[in-house]
Amino acid sequence: MAKAKKKKAGMTMLAWIMLAVMAVGLVLSVVGIFTDWITTKGEAIGGLITTEGSTTLQDLYDSQADMREIDEDYSIKYFDITYTCAWITLIATAAAFGCFLVGGLLKMKLLKTIGMIAGILAIVAGIMAAVFTALMGKEMSADAGIASATTSLAVGCYLTLVGGIVGGAGAIISGVNK
């Protein structure tokens with residue numbers, strides 16, 4: 001009779017690949033948080049005068065804080081939820097990566113489960129950050145006849161979105177594959 005081979009408990013090749021995918025998602029999320037979050041394009045006098053500028057998430061936070069010193073009720077519409085979702089994306093992606101790394105090395109299924117939940121949260125929060133940024137951009141855009149300004153998502157928002165999706169998907173795939 002042939003002896004049945006025992007499956008080694010520990011991290012499989014797929015788990016290591018998904019861990020690398022989660023690391024890429026984490027790096028994308030970190031870079032996205034600290035780069036330009038929105039882009040504003042302005043145009044006046046039928047396009048004779050144009051301007052373009054980008055703003056980071058931290059610049060928006062500082063701007064809102066400065067305005068609240070003048071008027072305590074001031075807020076950029078949808079900014080607070082955008083800011084929260086962006087940071088939740090980063091934290092959830094980092095948690096998923098950390099849980100799978102430690103859980104895989106120490107063979108703890110509970111940490112893998114927590115990592116999978118963090119991965120789902122990273123995907124949802126990344127999508128919500130992009131959606132609320134788009135809504136915020138719509139509120140910040142204006143058209144006054146001879147002059148107009150359009151605000152849209154910049155590279156940082158897209159990187160955070162992709163980072164959350166990539167990191168979260170890596171966590172889900174690694175968690176589902178036993």
Do the non-hydrogen side-chain atoms of [X] and [Y] ever get within less than 4.5 Å of each other?
{"X": "Leu60", "Y": "Met140", "result": "yes"}
{"X": "Met22", "Y": "Ser174", "result": "yes"}
{"X": "Glu43", "Y": "Ile49", "result": "no"}
{"X": "Leu90", "Y": "Leu26", "result": "yes"}

Would you confirm whether [X], through its side chain, and [Y], through its main-chain N or O, come within 3.5 Å as a donor-acceptor pair?
{"X": "Gln64", "Y": "Ile76", "result": "yes"}
{"X": "Thr39", "Y": "Ser152", "result": "no"}
{"X": "Ser148", "Y": "Ala144", "result": "no"}

[X] side, atom [atom1]; [Y] side, atom [atom2] - distance, nearest 0.5 Å:
{"X": "Met18", "Y": "Phe100", "atom1": "CE", "atom2": "CZ", "result": "10.5 Å"}
{"X": "Ile117", "Y": "Ile172", "atom1": "CD1", "atom2": "CD1", "result": "10.5 Å"}
{"X": "Ser63", "Y": "Phe79", "atom1": "OG", "atom2": "CZ", "result": "8.5 Å"}
{"X": "Trp16", "Y": "Leu101", "atom1": "CH2", "atom2": "CG", "result": "6.5 Å"}
{"X": "Tyr61", "Y": "Thr56", "atom1": "OH", "atom2": "OG1", "result": "13.0 Å"}
{"X": "Thr50", "Y": "Ile45", "atom1": "OG1", "atom2": "CD1", "result": "11.5 Å"}

State, to 0.1 Å, how close [X] and [Y] come at their nearest heavy-atom pair, and which atoms those are.
{"X": "Ala96", "Y": "Gly119", "result": "CB-N, 3.9 Å"}
{"X": "Thr89", "Y": "Ser29", "result": "CG2-OG, 4.2 Å"}
{"X": "Gly32", "Y": "Leu159", "result": "CA-CB, 3.7 Å"}
{"X": "Cys99", "Y": "Ile114", "result": "SG-CG2, 3.8 Å"}

If you look only at distance, which donor and acceptor atoms sit under 3.5 Å apart when one is on a side chain in residues 120-138 and the other is two or more places apart or in another chain?
from   : atom 1 : to     : atom 2 : distance (Å)
Thr133 : OG1    : Trp37  : NE1    : 2.9
Thr133 : OG1    : Ala129 : O      : 2.6

Answer with yes or no whether the hydrophobic clustering places [X] together with [Y]; edges join I, L, V, M, F, W, Y residues whose side-chain heavy atoms lie under 4.5 Å apart.
{"X": "Ile91", "Y": "Leu19", "value": "no"}
{"X": "Ile38", "Y": "Trp87", "value": "yes"}
{"X": "Phe97", "Y": "Val30", "value": "yes"}
{"X": "Leu153", "Y": "Leu161", "value": "no"}
{"X": "Val31", "Y": "Val155", "value": "yes"}

Residues, nucleotides or ligands: over 12 heavy atoms within 6.0 Å of Leu105 CG: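 More than 12 within 6.0 Å, yes.
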
Pair Glu139, Tyr78 - check side-chain contact (heavy atoms from CB on, under 4.5 Å), show working. CA-CA 9 Å; Glu139 288 292 322; Tyr78 299 112; 3.8 Å; yes

Tell me, with the steps shown, if Thr55 and Asp36 meet side-chain contact (heavy atoms from CB on, under 4.5 Å). CA-CA 5 Å; Thr55 308; Asp36 293 336; over 6 Å; no

Residue pairs fulfilling salt bridge (Lys or Arg N to Asp or Glu O under 4.0 Å) with at least one residue in residues 62-88, sequence neighbours excluded: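 Qualifying pairs, neighbours excluded: Arg68-Asp80.
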
